[in-house]
Amino acid sequence: MTFDDVRTFALLWDEVEDGTSYGTPALKVRKKLLARLREDNDSLVMFGIPHDEREMLIESQPKIFYFTDHYRDYPIVLIHLSKARRAVVEPLLRRHWRTLASKKAVKAYDES
């Protein structure tokens with residue numbers, strides 16, 4: 001999987017748009033960061049992942065999920081896109097989208 005793959009399915013959701021963050025491609029919802037590509041061009045910075053869930057993800061799938069000391073205190077997990085599948089990435093991304101999107105957009109998604 002690549003960032004372009006992530007971008008393709010995420011842009012189908014209401015209010016998602018292309019952007020940049022720290023000089024890398026990013027996806028935003030109402031000007032708030034949904035996810036971004038790390039400078040290594042393989043890792044997705046995935047926001048909205050509580051620390052206990054992050055630990056469980058890393059323990060259960062260490063080849064896909066990881067974090068660096070920089071992200072230690074934040075609800076973020078890093079995802080090796082080249083080793084991940086859409087079935088793993090999309091639910092995490094969609095869950096965070098639901099926290100950033102308008103109630104109207106979430107309702108429309110749920111009704112479709």
Should Val88 and Gln61 be marked as a side-chain contact (heavy atoms from CB on, under 4.5 Å) after you check the CA-CA gap, both sets of side-chain angles, and the distance that decides it? CA-CA 10 Å; Val88 171; Gln61 299 178 74; 4.3 Å; yes

To the closest 0.5 Å, what do you measure between [atom1] ([X]) and [atom2] ([Y])?
| X | Y | atom1 | atom2 | result |
| --- | --- | --- | --- | --- |
| Arg94 | Thr99 | CZ | OG1 | 13.5 Å |
| Phe47 | Leu92 | CZ | CG | 13.5 Å |
| Phe3 | Arg38 | CZ | CZ | 14.0 Å |
| Ser21 | Lys28 | OG | NZ | 6.0 Å |
| Thr2 | Asn41 | OG1 | CG | 10.5 Å |
| Ile76 | His51 | CD1 | NE2 | 8.5 Å |

With the side chain counted from C-beta on, respond yes when [X] and [Y] share a heavy-atom pair under 4.5 Å apart, and no when they do not.
| X | Y | result |
| --- | --- | --- |
| His80 | Lys63 | no |
| Met46 | Leu78 | no |
| Tyr74 | Phe67 | no |
| Leu27 | Arg7 | yes |

Distance-minimising heavy-atom pair for [X] and [Y]:
| X | Y | result |
| --- | --- | --- |
| Tyr71 | Arg54 | O-NH1, 3.0 Å |
| Asp42 | Ser82 | OD1-N, 2.8 Å |
| Val16 | Leu11 | O-CD2, 3.6 Å |
| Arg30 | Glu15 | CD-OE1, 3.3 Å |
| Ala101 | Ala105 | CB-CB, 4.1 Å |

Looking at Glu53 and Arg95, is any side-chain nitrogen of the basic one under 4.0 Å from a carboxylate oxygen of the acidic one?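 Yes.
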
Main-chain N/O of Asp14 paired to Trp97 side chain as donor or acceptor, under 3.5 Å: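 Answer holds: yes.
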
In this structure, which one of Leu81, Leu44, Val45 forms a side-chain contact (heavy atoms from CB on, under 4.5 Å) with Leu37?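 Among the candidates, only Leu81 passes.
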
Exercise: do Thr24 and Glu39 side chains pair donor with acceptor under 3.5 Å: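 Not at all, the side chains of Thr24 and Glu39 share no donor-acceptor pair under 3.5 Å.
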
Any side-chain donor near an acceptor of the partner, Ser43 and Asp40, under 3.5 Å: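 Yes, side-chain donor-acceptor contact under 3.5 Å.
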
Using side chain to side chain donor-acceptor pair (under 3.5 Å) as the criterion, list what pairs up with Asp110, not counting sequence neighbours.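 With neighbours one apart ignored, the set is Arg98.
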
How about Phe9: does its CZ atom have over 12 heavy atoms from other parts shown lying under 6.0 Å from it?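 Counting other residues, nucleotides and ligands, CZ of Phe9 exceeds 12 neighbours.
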
